[in-house]
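Values below: all heavy atoms of this structure, side chains included; hydrogens, waters and symmetry mates excluded. Every number for a ligand or one of its atoms is a count from 1 in the order of the listing.
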Amino acid sequence: MSGQQRQRVPPGAETPGRVGDVRRGNLARVLTAIARWTSEQSPTRAQLATLTGLTKASVSSLVTELIEQGLVVEIGQHRDGERGRPGVGLGLDPSRCVLGMEVNVDYVSAGLVNLSGQPINHAVLPRDNRSSRPEEVTGALGELITEYRNFATNQGLTILGGALAIPGLVDSRNSLVLHAPNLGWDGIRLGLAGLLPDTLLGVSLFNEANASAVAYRQSVPQAPATFLFVSGEVGIGGAVVIDSELFTGPHGAAGEIGHVIVQPGGSPCSCGAHGCLETMAGQDAIYRASGVLAPVRNPGQPVTTDPEPRETIALLHAALVAGEPQALDAVDRAGYYLGAAVASSARLLDVHTVVLGGHFAALGQWIVPALHRSAADHGPASGWPLRIILSPLGATAALVGAAQSVVRDLLEHPPVATQR
Ligand SMILES: [Zn+2]
């Protein structure tokens, strides 16, 4: 035993000016400098000192602590240009990872992400979670977690913690699902600590669209710094990213474009309002209008009926490729309402780049032209052209983005060794 204990301090809990806080801040400076190092060769301690403005002695001490914590490893020797002496390269420990997870209306999924934010693997388990009991869903998630814990053990990986994305409004600090209308969950505490016991970080909770937007920003090299992310699932999620940072609003609910009213007095929405965008352009609304057989849902049970949700999108896709008028009209109609909501949002936020994820990305070829026409009709004099981008990340975006958020928090707030 080292006589030390690792202590993780929640963001915002630091008291400025304390010696431990200065060291914590310096640990974060070194760690993020290693994480952001972009050249092929990993940085040496001397290069990190130059980069951070810290003394070489300080950097050496900080690196030693980060190695002891298992966050950083030495990666061979190379010449760092300082008097020709070889330096030891440093990198994030590739054996440390975070388990990203998502519960959505028609599936649960999980996958590992390393400290560089790179996905290692993932699995999606189709399951009808509408109006299901939370403990049943977390039970299904538990099966995936067991698989990934076994995988990690066999591969010599260490899972530091987890991140769970939910299609709804969440209170991350209190691990509370405030309102997830398509799951039928209100004020639900999920018992996250029990999902990944005995891990350094535990499990954190995220909104699905916010997590997907983070994944897009971090994983796609040409991603814009400012954009509106619109995620099409059974529900429609939204997120606002401004200057590369999520804008979540004081209650974490900013960007909820799915519940913008596009047809006052229209169809009832799961949120309790009428005529929300979700009722006109959500996945099931498109299926119904297209005449494609929608999946039969048995709340709380695995989706075993034919077709499964992921097959349904393939059926719709095939109908669109074949030029079936009803399918084309259904997607056109969804694009019309999406365009109305996007045009209003672009004006409200002065954000003119929209990234489409989920089924909107899968239907991009057909829905984007309708969206553009509608946005032009609803915002003809906005002054800036609307730019529509399709996210290439697919169904794993939320679990990857949630895990990347946990990794980022870890790098910016590394644990500190404190004397007992
Ligand atoms: Zn609604």
Side-chain angles (χ1 to χ4, degrees), residues 102-107 128-132 134 165-171 176-188 205-213 228-240 246-290 294-295 297 299 309 330-331 333-349 351 354-361 363 367 370-371 374-375 378 398:
E102 182 186 4
V103 169
N104 216 310
V105 178
D106 53 13
Y107 63 89
D128 193 343
N129 296 319
R130 193 187 303 239
S131 303
S132 59
I166 296 281
L169 186 58
V170 300
D171 175 356
L176 199 62
V177 179
L178 297 173
H179 186 51
N182 286 305
L183 296 175
W185 295 359
D186 279 297
I188 299 291
L205 198 57
F206 296 87
N207 169 269
E208 174 268 327
N210 285 349
S212 297
L228 174 66
F229 188 90
V230 186
S231 172
E233 299 283 347
V234 173
I236 295 176
V240 181
L246 267 180
F247 174 73
T248 60
H251 307 102
E256 283 285 359
I257 194 171
H259 300 286
V260 165
I261 307 296
V262 294
Q263 191 182 54
S267 302
C269 179
S270 60
C271 75
H274 288 74
C276 295
L277 174 63
E278 192 168 297
T279 67
M280 312 304 286
Q283 191 173 284
D284 283 0
I286 296 176
Y287 290 155
R288 275 194 303 274
S290 69
R297 301 182 186 282
V331 174
R333 178 173 173 271
Y336 171 82
Y337 288 108
L338 183 59
V342 160
S344 298
S345 302
R347 285 197 158 182
L348 190 68
L349 299 168
V351 172
V354 179
V355 179
L356 300 179
H359 71 258
F360 292 139
L363 302 175
I367 205 166
L371 196 167
S374 174
H378 290 96

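The closest side-chain heavy-atom distance from L228 to V240 is below 4.5 Å. You'll find the side chain of H378 reaches within 4.5 Å of the side chain of Y336, heavy atoms only. In this structure the side chain of V354 never reaches within 4.5 angstrom of the side chain of L371, judged on heavy atoms.
Protein atoms of type N, O or S found under 2.8 Å from the Zn ion (ligand 1) total 4.
Among residues two or more places apart in sequence or in another chain, the side chain to side chain contact (heavy atoms under 4.5 Å, CB included) test is passed with I188 by P134, V177, W185, L190.
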Just list the side-chain donor-acceptor pairs under 3.5 Å for residues 249-272, sequence neighbours left out, or say none.
unit_1	atom_1	unit_2	atom_2	d
H259	NE2	E278	OE1	3.3
S270	OG	N182	OD1	3.4
S270	OG	E278	OE2	3.4

Acceptor/donor pairs from residues 337-346 side chains to any protein atom, 3.5 angstrom cut, sequence neighbours excluded:
unit_1	atom_1	unit_2	atom_2	d
S344	OG	A340	O	3.2
S345	OG	A341	O	2.8

